[in-house]
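As structure tokens, the structure follows; a few thoughts come after it.
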Amino acid sequence: MQIKDIARRLHITPRAIRFYEEKGLIQPKKADESGYRHFSEEDVWRLQTIITLREVGMPIEDIRELLQEQNEAEGSLLHYLELQRSFMYSRWVEMSKVIATTEAMIERVKRDQQIDPGALYELAEANKRLRQTRDNWVDRWNFNQIADQYDELVTREQEGFNTHAFYHEILDQVVGAVAPKPGESGLDAGTGTGNLASRFIQMGVQMSGFDQSPQMLLQCRRKSPEVETKLGTFFAFPFLENDFDFVATSYALHHLTDDQKLLALAECRRVLKPGGRLVIADLMFVDQDHRHAHLDHLRRQGEEEALSQILDRCYADRSRLLAELDSLGFVTEVRQLTEYVHLIWAKLR
DNA sequence: CTTCTCACA
DNA sequence: TGTGAGCA
């Protein structure tokens, strides 16, 4: 297929296609003699993905990085579509928030019968901060790289400080706290290799899960094909509103900063049915005082490894999560499971 | 019909 | 982040 054919098919100009090649997003084969580009079906999917991601506002450079890690995964068409879906959801969630903010601005102007620039500015800024908080996330753990060893890593007996001590027991506690009834549908947020989701599957529950790492999802599909898996992020769960009876999440929130955790809680709320419940098990401190006291303690003991791990991972401020859950309309209960792992049970009022 | 480069917004 | 002109 020549450049004009594919351009017509995808409704873009040949010039733009060459431009994407120049930027390193595609590498079409060139015929030896003429120097003409020849495009395969795979190239079509890839370009379609590029176009969609551009349409939802993703910069060229980001698309390039995304497609690069994507390249090594197999089953291209499905992966391209999943990438597109994931970003459609993030765009959708973002638009919902912008609409809500605009509504609030309109209400304010109507009510006050005059424009208060400061307040309107505040509202507009809130959107910007939200986007920044969300865009700040990076996968410092490189899950695509470690996906095939992940289960081994978390269950290995470790010398000294072990963040994943009692891993399986804690997952069992989460299942117990959710107390799922057969036929219910649940979501495992940040499902990874599906260790939590598969427990629910065994109880006759319909499970969905999402993760930001395609490689982790491959492991999950291999181990537990019954889990519906989607590519997606904690800032835009790839699901519609009111989809689930419960959301469960374990050892995932600590990959987010505290601000990002709050966004994630709002997403939990969004996908839950009325009366739905949320169970979180993760690394936490009771509150900031507890955090600082504990860090001081470790410093005095010379526990450098534990200290650096805690500082490196984003142990949650439990009190802040609870406050946010309350304002989102949840009633909550808490239980401390191990030295660092706490369990939060929450139910929509 | 395609290639590439250069200038332009 | 692309586009159009001009050339080979």
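Convention: sequence-line order gives letters A, B, ...; per-chain numbering from 1. As the structure is a computational prediction, the values presented were derived from the model and not from experiment.
- By the ring pair (Phe, Tyr, Trp, His ring centres under 6.0 Å) test, A:Phe246 pairs with A:Phe200, sequence neighbours left out.
- Residues A:Gln260 and A:Asn136 have side chains that never bring a donor and an acceptor to within less than 3.5 angstrom of each other.
- Residue A:Arg18 is classed as a base contact, given a heavy-atom separation below 4.0 Å to a base.
- Across all strands, A:Pro14 comes closer than 4.0 Å to no nucleic acid atom at all (heavy-atom distances).
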Canonical and wobble pairing (Watson-Crick, G-U, under 3.5 Å) of DNA chain B, dot-bracket with |: .|.||||||

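- The phosphate of B:dT2 has OP1 or OP2 within less than 4.0 Å of a side-chain N or O from A:Gln2.
- Atom NE2 of A:His38 is separated from atom P of B:dT3 by 9 Å (rounded to the nearest Å).
- Close approach of DNA chain C to chain A, defined as any atom under 4.0 Å from a non-hydrogen atom of the protein, starts and stops at C:dT1 to C:dG4.
- When the side-chain nitrogen and oxygen atoms of A:Lys4 are compared with OP1 and OP2 of B:dT3, none of them lie within a distance under 4.0 Å.
- Applying the salt bridge (Lys or Arg N to Asp or Glu O under 4.0 Å) rule to A:Asp312 yields the partners A:Arg140; only residues at least two apart in sequence or on another chain are considered.
- Annotation: ring pair (Phe, Tyr, Trp, His ring centres under 6.0 Å) contacts of A:Phe237 (sequence neighbours excluded): A:Phe210, A:Phe234.
- Under the rule for a ring pair (Phe, Tyr, Trp, His ring centres under 6.0 Å), A:Phe330 has no partner lying at least two apart in sequence or in another chain.
- Remark: A:Arg18 pairs with no residue by the side chain to side chain donor-acceptor pair (under 3.5 Å) rule, at least two apart or across chains.
- The ring pair (Phe, Tyr, Trp, His ring centres under 6.0 Å) search around A:His342 returns none, not counting sequence neighbours.
- Applying the ring-ring contact (aromatic ring centres under 6.0 Å, His included) test to every pair with at least one member in residues 45-67 of chain A, sequence neighbours left out, gives no pairs at all.
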Taking only nitrogen or oxygen atoms into account, show me every contact under 3.5 Å that the protein makes with nucleotides 5-9 of chain B, one pair per line with its distance.
residue: B:dC6; atom: N4; partner: A:Arg15; partner atom: NH2; Å: 3.3

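- In this view, A:Arg108 satisfies the side chain to side chain donor-acceptor pair (under 3.5 Å) rule with no residue, not counting sequence neighbours.
- Both the sub-6.0 Å distance and the 45° axial angle are satisfied by A:Lys230 relative to the ring of A:Phe239.
- A:Ser34 comes within contact range of no nucleotide atom at all, as no heavy-atom separation falls under 4.0 Å.
- Pairs engaging residues 192-211 of chain A under the side-chain hydrogen bond (donor to acceptor under 3.5 Å, both in side chains) rule: A:Asp151-A:Thr193, A:Asp151-A:Asn195, A:Tyr167-A:Asn195, A:His168-A:Arg199, A:Asp172-A:Arg199, A:Thr193-A:Asn195, A:Thr193-A:Lys223, A:Asn195-A:Lys223, A:Ser208-A:Glu228 [sequence neighbours left out].
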